[in-house]
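Each chain gets a letter, A, B and so on, in the order its sequence line appears, and its residues count up from 1.
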Protein chains: 2
Amino acid sequence: MLTGHARKERLHNPQHTRELLLQAAFREVHRSGFQSTGINTILAATNVTKGALYYHFPTKEALGYAIVEEIIAKLVRDRWLHPMLSHGKKPVDILIGIVRRLPVQPEDIRWSCPLLNLAQEMSPLDERFRKRLERLFLSWQEGVAALLRKGQSQRTVRRDLNPDEVASFLVAMVEGYASLAKNAQDVRVWEVGIRNIVGWLKSLRAPRQPRRSGRRILKKQVVKRRQRF
Amino acid sequence: MLTGHARKERLHNPQHTRELLLQAAFREVHRSGFQSTGINTILAATNVTKGALYYHFPTKEALGYAIVEEIIAKLVRDRWLHPMLSHGKKPVDILIGIVRRLPVQPEDIRWSCPLLNLAQEMSPLDERFRKRLERLFLSWQEGVAALLRKGQSQRTVRRDLNPDEVASFLVAMVEGYASLAKNAQDVRVWEVGIRNIVGWLKSLRAPRQPRRSGRRILKKQVVKRRQRF
DNA sequence: GCGAACATACATACTGGTTGGTATGTTAAC
DNA sequence: GTTAACATACCAACCAGTATGTATGTTCGC
């Protein structure tokens with residue numbers, strides 16, 4: 001009885017085939033870009049035939065969108081959003097931990113960040129691609145911003161900072177260094193970048209709290225919108 | 001006698017044809033990427049024939065290399081290296097001026113930085129492309145670093161900074177924000193980025209100089225390698 | 001339990017269009 | 001008249017996509 005759990009031997013295993021295609025397509029698109037990745041390359045990498053691919057994905061674009069919404073979105077969640085939920089730790093320390101744990105293998109540096117790659121290539125060319133990628137960037141930034149706001153309310157993050165702008169600053173830096181390292185094809189460029197990002201993250205911490213004085217300080221005086229660095 | 005100055009009416013004007021091809025190729029590559037730009041697109045944009053193109057450039061790659069070495073290199077020089085030579089102004093102010101003068105038109109944001117685009121696409125795929133682009137990135141960073149060193153010797157730039165690392169930090173941020181703005185297709189994202197970069201640049205300035213005391217401070221104590229932000 | 005009926009999940013062969021590149025012919029300039 | 005500077009026609013390889021056929025899995029009547 002081959003119901004319930006999927007048996008490997010099944011010849012028709014649509015979920016498995018679909019996932020196989022998605023992973024291979026992601027791999028190829030990550031390396032060569034979406035436009036330059038041929039359907040046949042994906043088929044050759046999977047031993048799946050064209051009929052099967054076009055059964056699961058109506059067009060090449062649809063396959064691309066699925067890569068963004070399923071695989072890359074998961075990467076953002078796994079690397080950034082989920083680790084941010086770790087309780088008990090201070091926001092800045094959480095961010096430092098995340099940045100330090102980012103992949104540093106030569107392969108990772110070589111092909112750089114999939115989100116960035118696809119966004120660079122497709123954003124000005126295909127609006128539906130752009131929108132999907134934008135959602136991921138925004139969820140990333142909003143996650144960081146929310147974490148910073150939490151830190152501000154806990155008095156562990158400087159309150160003169162604008163969380164949204166700091167968040168996009170962080171994202172810009174991570175992606176910027178990823179680009180430099182990719183061009184240099186040098187892990188050390190990335191490692192120096194990480195060090196500098198971590199150094200900058202440390203500067204976000206609230207200074208040692210002064211003894212609480214009797215009279216309260218007006219919020220307006222504390223929360224300045226223009227941040228220092 | 002149509003010697004000396006080139007007459008427009010000349011039918012065979014190789015320099016002009018070559019330049020025409022280069023400019024059109026740059027434009028298309030900037031928009032769609034190198035791999036996805038067809039030779040025929042460039043020909044259609046210039047009313048030049050295939051024979052003429054392959055007379056001037058042996059392969060599509062050679063055309064791409066020429067774009068990097070002639071057009072993009074000139075952009076780096078014009079936007080960064082030359083403005084850095086302005087005498088009399090303090091290094092940090094020069095950098096702020098340059099960053100503030102970077103293009104902000106919707107078209108510029110849409111297609112983003114040509115150097116970054118090509119580097120993102122071609123660095124892991126073609127070593128000769130990568131090398132040429134790397135040279136431009138290094139000249140850019142070295143220019144910034146040299147300017148910072150000058151500022152340090154003039155005591156207008158903090159001496160606890162590592163000029164090379166600050167320079168790559170700046171480049172990473174510029175390119176990172178360019179990517180974010182390109183994905184968002186929003187000039188405001190870029191403008192916020194510029195503001196934050198300028199804010200950060202201001203933090204590089206040496207603090208008000210303390211009254212010179214009698215005994216000299218050892219250089220080793222002043223120049224720390226780990227910078228603050 | 002069992003097979004007909006049907007739907008899902010592929011496989012194969014092919015198409016029109018495009019790709020970078022080339023072989024060969026022509027014209028302008030000196 | 002020689003050669004540099006093109007123009008034209010053509011090529012094999014590849015592209016995304018499709019038409020059509022086939023094997024597998026499921027459902028349902030009985």
Side-chain angles (χ1 to χ4, degrees), chain A residues 1-25 28-29 31-67 121-122 125-126 128-129, chain B residues 1-25 28-29 31-67 121-122 125-126 128-129:
Chain A
M1 268 75 80
L2 41 82
T3 55
H5 69 291
R7 271 181 54 185
K8 262 189 184 174
E9 296 79 8
R10 270 181 71 112
L11 284 162
H12 282 191
N13 190 339
Q15 288 118 304
H16 177 247
T17 305
R18 204 189 114 97
E19 190 61 26
L20 206 67
L21 286 167
L22 263 182
Q23 289 295 345
E28 290 304 320
V29 168
R31 278 160 163 66
S32 316
F34 176 77
Q35 298 178 96
S36 302
T37 295
I39 294 286
N40 290 325
T41 312
I42 298 165
L43 300 179
T46 49
N47 285 322
V48 170
T49 59
K50 202 167 268 194
L53 190 150
Y54 277 96
Y55 173 79
H56 288 284
F57 304 97
T59 62
K60 191 190 175 192
E61 277 72 39
L63 177 57
Y65 301 156
I67 290 174
E121 181 186 4
M122 298 308 294
L125 300 178
D126 183 315
R128 284 172 300 184
F129 249 118
Chain B
M1 268 74 84
L2 39 83
T3 56
H5 68 293
R7 271 181 52 185
K8 262 187 184 173
E9 298 78 9
R10 270 181 72 112
L11 286 162
H12 284 192
N13 190 337
Q15 287 119 303
H16 177 247
T17 304
R18 204 189 114 97
E19 190 61 23
L20 207 66
L21 286 167
L22 264 181
Q23 289 294 344
E28 290 304 320
V29 168
R31 279 160 164 66
S32 315
F34 176 76
Q35 296 178 100
S36 301
T37 294
I39 294 285
N40 291 325
T41 312
I42 297 165
L43 300 178
T46 49
N47 285 320
V48 170
T49 59
K50 202 168 269 193
L53 190 150
Y54 277 95
Y55 174 79
H56 288 283
F57 304 97
T59 62
K60 192 191 175 191
E61 277 71 39
L63 177 58
Y65 301 156
I67 290 175
E121 181 187 3
M122 299 307 295
L125 301 178
D126 184 315
R128 283 171 299 184
F129 249 119

With respect to the side chain of B:His12, which nucleotide from D:dA4, C:dG21, D:dA16 is positioned closest? D:dA4
I need the CD-P distance between B:Glu28 and C:dT19, as an integer number of Å. 12 Å
Look at the side chain of A:Glu61 and decide which nucleotide, out of C:dT12, D:dA4, D:dG17, has an atom nearest to it. D:dG17
So if I take every side-chain heavy atom of B:Tyr55 and compare against C:dG20, D:dA5, C:dC10, which nucleotide ends up nearest? D:dA5
Over how many whole Å does the gap from B:Leu63 atom CG to C:dG21 atom P extend? 10 Å
Just by distance, do the side chain of A:Glu121 and the backbone of A:Gln35 share a donor-acceptor pair under 3.5 Å? yes
Does any N or O donor sit under 3.5 Å from an N or O acceptor when you compare the side chain of A:Lys50 with the base of D:dG17? yes
OP1 or OP2 of D:dG17 versus the side-chain N and O atoms of A:Tyr54: is any pair under 4.0 Å? yes
Report which part of the nucleic acid A:Gly38 touches: base, sugar-phosphate, or nothing (heavy-atom distance under 4.0 Å, all strands). sugar-phosphate
Ordered by number, residues from residues 14-25 of chain B within less than 4.0 Å of DNA chain C (heavy atoms) are none
Assign B:Thr37 to base, sugar-phosphate, or nothing according to its heavy-atom contacts below 4.0 angstrom with the strands shown. sugar-phosphate
Please determine if a side-chain N or O atom of A:Asn40 lies less than 4.0 Å away from the OP1 or OP2 oxygen of D:dC15. yes
Can you identify which nucleotide, out of C:dT12, D:dG17, C:dG20, has its nearest atom closest to the B:Lys60 side chain? C:dG20
